[in-house]
Amino acid sequence: MSQSFLNPSETIDADVLIIGGGLAGCMAALSAGEKNANVKIVEKANVRRSGGAATGIFSFRGVFPDASSGPEETPERFAEEFAQLTDGIANVKALEIIGRELYERMRYLEGLGFKIRNEDGTFSKFQQGGKGRWLLYVKEGGNLKLILEKAVRDRHIEILNRVMITDLMTHEGRVTGAYGVNVRTGQLLVFRARSVVLTTGPVNRAYRSATGVLHHTAQPPHDTGDGHAMAYRAGVKLVNMEFGSSLIYPKDMPQAGLWAPILLGAKLVNASGELVMKRYGETKSDKEVSHQTVPSLAVDKEIRDGRGPCFFDFTQIPEERLGIFLDDRPMFRRYFQERGIDIRKDLVEMEPGELRVRNGAGILINENAETSAPGLYVAGESEGGIGYTAAHGALVLGWRAGAHAAEFAESHPLPAANLGNGARQRECILQILERSGGIRPRDLGIKLQNIMSTYAGYVRNKIGLETGLKRISRLQRDCEQLAVREGREMMEALEVKNLVLIGEMVMRAALMRTESRVNHFRSDFPLRDDEHWLKYIVIRKEKDGMNLSLKEIPGRERR
Amino acid sequence: MPPIIDRTKCDGCQICYEICPCDVFILDDRGSVEAHYNDECWHCCACEMDCPKGAIRVGLHYMMK
């Protein structure tokens with residue numbers, strides 16, 4: 001690959017630099033902008049259609065005073081129930097704030113032109129867990145990112161699309177900017193910033209999807225944990241990397257959005273026609289049944305135990321309700337048509353999808369989105385420690401991250417550019433571009449997915465994880481042999497290097513946690529053990545390599 | 001194979017090339033858009049939603065059919 005792809009670097013300054021222009025990143029930008037900070041957003045794709053909200057968000061979780069169904073719907077209750085979705089590995093104080101402030105953020109979106117109400121001014125709410133009706137359904141959620149991008153541009157906040165950030169710039173422990181590269185032109189960029197908000201999303205591509213095609217993940221395939229990896233390399237603390245979530249989706253159709261049938265009353269049945277969730281409802285309390293990860297764990301177990309395949313039975317759902325989720329995701333309609341499935345009459349085969357590293361698995365933050373490094377703030381699904389966050393967390397913590405980052409910027413001057421690291425960045429990318437006859441990023445990516453799914457997937461144990469770690473360390477050596485055929489492939493090479501690092505974090509944390517909780521199932525330690533393991537596993541880069549330690553969960557320190 | 005461009009409707013505005021989260025589209029020498037990296041399509045349908053001429057339809061990848 002020719003060197004001509006790599007263009008000389010340019011230095012760009014900002015008060016607040018936002019890395020990742022998804023839901024959380026846009027909210028952070030708008031919030032920091034309100035404090036009159038000079039804000040810039042760097043985005044690997046295009047802010048108009050990037051991140052998990054790319055083609056819309058149709059459901060938001062929180063407390064809605066205007067549409068309350070009863071006095072039990074309080075932020076405290078919300079936090080308590082949502083902490084249970086991650087089996088207690090959560091920051092209850094932060095969840096309470098999310099539950100309380102979500103409605104303010106929804107009203108803010110409404111002010112930007114996002115429709116959250118029905119034509120008659122009412123709200124569509126659904127039960128999710130326990131007694132509260134926390135889930136707000138938004139019919140016209142498809143244009144959310146278009147509205148946010150316009151709001152950002154209207155406020156003269158600069159957006160740099162198609163730029164991948166490769167590493168953070170640090171000075172004496174403070175995060176002072178970032179290094180990036182335009183993935184289309186090869187232009188190298190150095191960003192100096194008074195503070196940085198990192199919102200690069202969850203890790204969606206570490207595990208093999210149903211079709212085996214690298215990019216056929218249920219959620220954005222370019223959410224490759226770039227933020228997790230660069231934070232680790234900068235010495236920032238991460239937590240809970242052994243956890244995550246997964247969906248069920250129609251056989252060979254890795255797409256999100258079919259959680260809705262459970263809420264709407266569709267039945268999940270096994271090969272004998274038995275209700276699947278009834279079996280798992282016996283061991284799990286019913287408030288957990290609606291959490292998206294539980295059905296996938298249940299279906300996986302049914303199949304392993306010889307009771308599969310499993311199916312969704314939509315036949316009892318009223319026509320108008322069927323429309324709700326079919327309209328949200330047009331690909332499902334096409335899939336049913338292609339396979340000759342009439343969901344009004346036929347059962348739909350469902351399979352457990354790939355694991356995603358999220359739900360509090362990420363960079364450790366507090367309720368103000370502060371990380372262990374001064375000047376670095378994290379929100380959205382890169383967060384670590386908060387718990388089940390999704391869109392509601394992105395909106396609230398994104399907003400808070402932007403505000404706190406702007407405040408930090410007020411009292412901290414712009415750093416002098418650390419150009420030594422910039423040169424190293426260039427060298428690293430050049431090596432990939434100039435190497436010939438090496439390992440292609442696509443092959444390495446598929447190999448990693450296979451290793452992760454085999455040894456750190458739905459079922460884990462000591463020998464498997466140790467085997468997986470050995471394979472991962474081999475992949476780390478292979479990363480030094482990555483070679484590309486065209487400039488465009490450079491991004492995939494950089495992504496796969498990040499994914500391999502994340503693979504190591506997941507494996508090490510999963511090996512350390514000798515119990516079972518949420519999606520982390522250890523066949524050699526099948527029971528949940530609150531006495532020893534109601535704790536975070538903290539991951540940090542030390543001089544001698546990857547260091548893991550235990551930390552009390554916020555709010556539980558005194559006990 | 002996703003996405004399919006209807007040449008009789010496409011007016012070459014390049015919005016799909018601008019917004020595609022997976023950078024599936026390329027521009028040829030004459031600035032015409034082509035869906036090239038179809039194995040990398042995530043089936044999010046952003047191109048189909050944003051095409052002002054209704055010229056794009058996202059089909060299913062062979063592995064999904």
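Not measured: the values here are computed from a predicted model. Every chain is numbered from 1, with letters handed out A, B, ... down the list of sequences. Any value given below was found using the heavy atoms of this structure, including those in side chains, with hydrogens, waters and symmetry copies removed.
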**Asked** With sequence neighbours excluded, what pairs up with A:Glu349 under the salt bridge (Lys or Arg N to Asp or Glu O under 4.0 Å) test?
**Response** none

**Asked** For B:Lys65, does its backbone N or O pair with a side-chain atom of A:Arg339 as donor and acceptor, under 3.5 Å?
**Response** yes

**Message:** Any non-hydrogen side-chain atom of A:Val203 less than 4.5 Å from a side-chain atom of A:Arg356?
**Reply:** no

**Fill in**
Note: vs chain B, highest number of non-hydrogen pairs under 4.5 angstrom among A:Glu338, A:Lys251, A:Arg488 is A:Arg488

**Asked** Between A:Glu492 and A:His215, is any pair of side-chain heavy atoms under 4.5 Å apart?
**Response** yes

**Message:** So for A:Ala210, is it side chain, backbone, both, or neither that comes closer than 4.5 Å to the heavy atoms of chain B?
**Reply:** neither

**Message:** Quick one, B:Cys20 and B:Trp42 - any side-chain contact, counting heavy atoms below 4.5 Å?
**Reply:** no

**Asked** Taking every heavy-atom pair that is under 4.5 Å apart, which of A:Arg184, A:His222, A:Met331 has the most such pairs with chain B?
**Response** A:Arg184

**Prompt:** Relative to chain B, which of A:Ser50, A:Pro220, A:Pro221, A:Ala54 shows the most heavy atom pairs under 4.5 Å?
**Reply:** A:Pro220

**Message:** Using heavy-atom distances under 4.5 Å, tell me whether A:Arg48 contacts chain B through its side chain, its backbone, both, or neither.
**Reply:** side chain

**Request:** State, with a plain yes or no, whether a side-chain heavy atom of A:Leu23 is found less than 4.5 Å away from one of A:Ile57.
**Result:** yes

**Residues of residues 25-37 of chain B within contact distance of chain A, non-hydrogen under 4.5 Å** = B:Tyr37

**Item:** A:Glu43: partners by salt bridge (Lys or Arg N to Asp or Glu O under 4.0 Å), with sequence neighbours left out
**Value:** none

**Message:** The criterion is ring pair (Phe, Tyr, Trp, His ring centres under 6.0 Å); which residues satisfy it with A:His216, sequence neighbours excluded?
**Reply:** B:His43, B:His61

**Prompt:** Which region of A:Arg49, side chain (C-beta onward) or backbone (N, CA, C, O), has a non-hydrogen atom less than 4.5 Å from a non-hydrogen atom of chain B, or is it both or neither?
**Reply:** both

**Asked** So do B:Pro21 and A:Asn46 actually touch side chain to side chain, heavy atoms under 4.5 Å?
**Response** no

